[in-house]
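What follows is a set of notes on a single structure, which appears directly below.
Remember, it's a predicted structure, so these values are computed and weren't measured experimentally.
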2 protein chains.
Amino acid sequence: MFRKIFVVIFVLLFGFSLSKAADSIKLPAPQLDGGKSLMQALKERRSERSFSPKKIPVNVLSNMLWAACGINRPDAGKRTAPSAMNRQSIHIYVALQEGLFLYDAKTHVLKPIISQDIRALTGKQSFVAQAPLTLIYVADFKKMGNISDDEKNFYAATDTGFISQNVYLFCAAEGLGTVVRGSIDKDALAKTMKLGDHQKIVLAQSVGYPKE
Amino acid sequence: MFRKIFVVIFVLLFGFSLSKAADSIKLPAPQLDGGKSLMQALKERRSERSFSPKKIPVNVLSNMLWAACGINRPDAGKRTAPSAMNRQSIHIYVALQEGLFLYDAKTHVLKPIISQDIRALTGKQSFVAQAPLTLIYVADFKKMGNISDDEKNFYAATDTGFISQNVYLFCAAEGLGTVVRGSIDKDALAKTMKLGDHQKIVLAQSVGYPKE
């Protein structure tokens, strides 16, 4: 009886924390030396739709996120990818088995959002759940200034294209497979991700080692 | 008198040919060996808005267009940049002082379109006319299949983003400056370029050596 009450009280007090997201992940500093040439990466650039479940090491993840839209000019806070009017309105969410994280380029940290594994919710193809990592590109319409919604949609798409191609080339250089995808149930996914009305999902991109 | 008649007849007979475009430019094979690493190119990626009038050598132009969306898997005709449903619907027009050309990835040839120098018509900023080369990205809506116009606009924008980022990285690796631009009088430019109704201008990108 006391044990039962104790369990109830314990769950009431601490139960919510069980569904809370994991801790922040401080990524190691990106390694910019060495690696394949740009032209070789372009030669090997391709879309891969068959993934091994092998996880991506954290140093590789660090390099990939920096390549995607990391800060390459710390004094000005400018990035590896351009953005319309330098508004940097695309955010990268990282869906792992461990949960959903938001990449903070300034601190080079993955911030926890939810602990749920949402990879399978980012597309209908069977490989989507297998790839160990899914990037979800989300535009913050609030950051895009005083332009029409059509223009916001347009620049959200171009700006995501810039970033996504960086990921493609990084994967080509690193022996990773990747494919970018536009066919997403965006309303359902936005709800699961707890996005606000001003946050619009643009594309998703699966990343992993190719199945052998 | 006879001389005057002769001149009139000559102009009538041959005058139109004076406004015809130049010959095709067969680009040398792209040079894929050597060059900077991908990570170094990402580190140096930036937007440049001040250009020297120095022309871009044809071998550099060849490498840049191949990097942009050249064929990297000849057997399948696949490209350095992805495209929605692999429809490869973005075409690159190249505006030079000598005229406007269309890049044909299959043959790696620049095909003449018009002999007019239209660089200054691709944007209002003063540097636009100075940069020796402007890429104009044009989506062929006819090639995009049975999707809505909204979807066509969206994928035209993402697919142009992929290509444009390749150009950014190539320029960073090669010591060239570049900036992509969305603010274009697209209707007027399309008319000058003699585009069809199914051809939509997406973005323009100036390329040249940075002014010292």
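- Using a 4.5 Å cut-off between heavy atoms, B:Y155 contacts chain A through its side chain alone, with no backbone atom that close.
- B:N166 pairs with exactly one of A:N166, A:L169, A:L38 by the side-chain contact (heavy atoms from CB on, under 4.5 Å) rule, that one being A:L169.
- The contact between B:L203 and chain A is made entirely by side chain atoms (from C-beta outward), counting heavy-atom distances below 4.5 Å.
- When the shell of 6.0 Å around NZ of B:K142 is examined, it contains 12 or fewer heavy atoms from other residues, nucleotides or ligands.
- Judged by the 6.0 Å distance and 45° axis criteria, B:K186 is positioned over the aromatic ring of A:F154.
- In this structure, no portion of B:V179 lies under 4.5 Å from any heavy atom of chain A.
- With a 4.5 angstrom heavy-atom cutoff, B:D159 does not touch chain A via any of its atoms.
- By the 6.0 Å contact criterion, NZ on A:K111 is open, its count of non-hydrogen atoms from other residues, nucleotides or ligands being 12 or less.
- Remark: B:T107 engages B:D104 in a side-chain hydrogen bond (donor to acceptor under 3.5 Å, both in side chains) (not counting sequence neighbours).
- When the shell of 6.0 Å around NZ of A:K152 is examined, it contains more than 12 heavy atoms from other residues, nucleotides or ligands.
- Contacts of B:N59 classified as side-chain hydrogen bond (donor to acceptor under 3.5 Å, both in side chains), with partners at least two apart in sequence or in another chain: none.
- If you take CG on A:L42 and CZ on B:R79, they are separated by 13.5 Å, rounding to the nearest 0.5 Å.
- Both the backbone and the side chain of A:N63 come within contact range of chain B, judged by heavy atoms closer than 4.5 Å.
- A:Q165 places a side-chain N or O within 3.5 Å of a backbone atom of B:T80 that can act as its donor or acceptor partner.
- Separation of atoms OG (A:S37) and CG (B:D33) is listed at 8.0 Å; rounding is to 0.5 Å.
- A pairwise comparison of heavy atoms in A:Y168 and B:P82 identifies CE1-CG, 3.5 Å as the closest pair.
- Most heavy-atom pairs under 4.5 Å with chain A: of the set B:S164, B:A173, B:A67, B:A81, this distinction falls to B:A81.
- Within the 4.5 angstrom heavy-atom criterion, no atom of A:I71 approaches chain B.
- Heavy-atom pairs under 4.5 Å with chain A peak, among B:Q40, B:R46, B:R181, B:Q31, at B:R46.
- Of the two parts of A:K78, neither the backbone nor the side chain holds a non-hydrogen atom closer than 4.5 Å to a non-hydrogen atom of chain B.
- By the neighbour-count criterion of 12 heavy atoms within 6.0 Å, atom NZ of A:K124 is sparsely surrounded, having that number or fewer from other residues, nucleotides or ligands.
- A:N72 places a side-chain N or O within 3.5 Å of a backbone atom of B:R45 that can act as its donor or acceptor partner.
- Note: A:A157 leads A:G70, A:A157, A:A41, A:S47 in heavy-atom pairs under 4.5 Å with chain B.
- Of the listed residues (A:D150, A:N86, A:V202), the greatest number of heavy-atom pairs within a distance under 4.5 Å of chain B belongs to A:V202.
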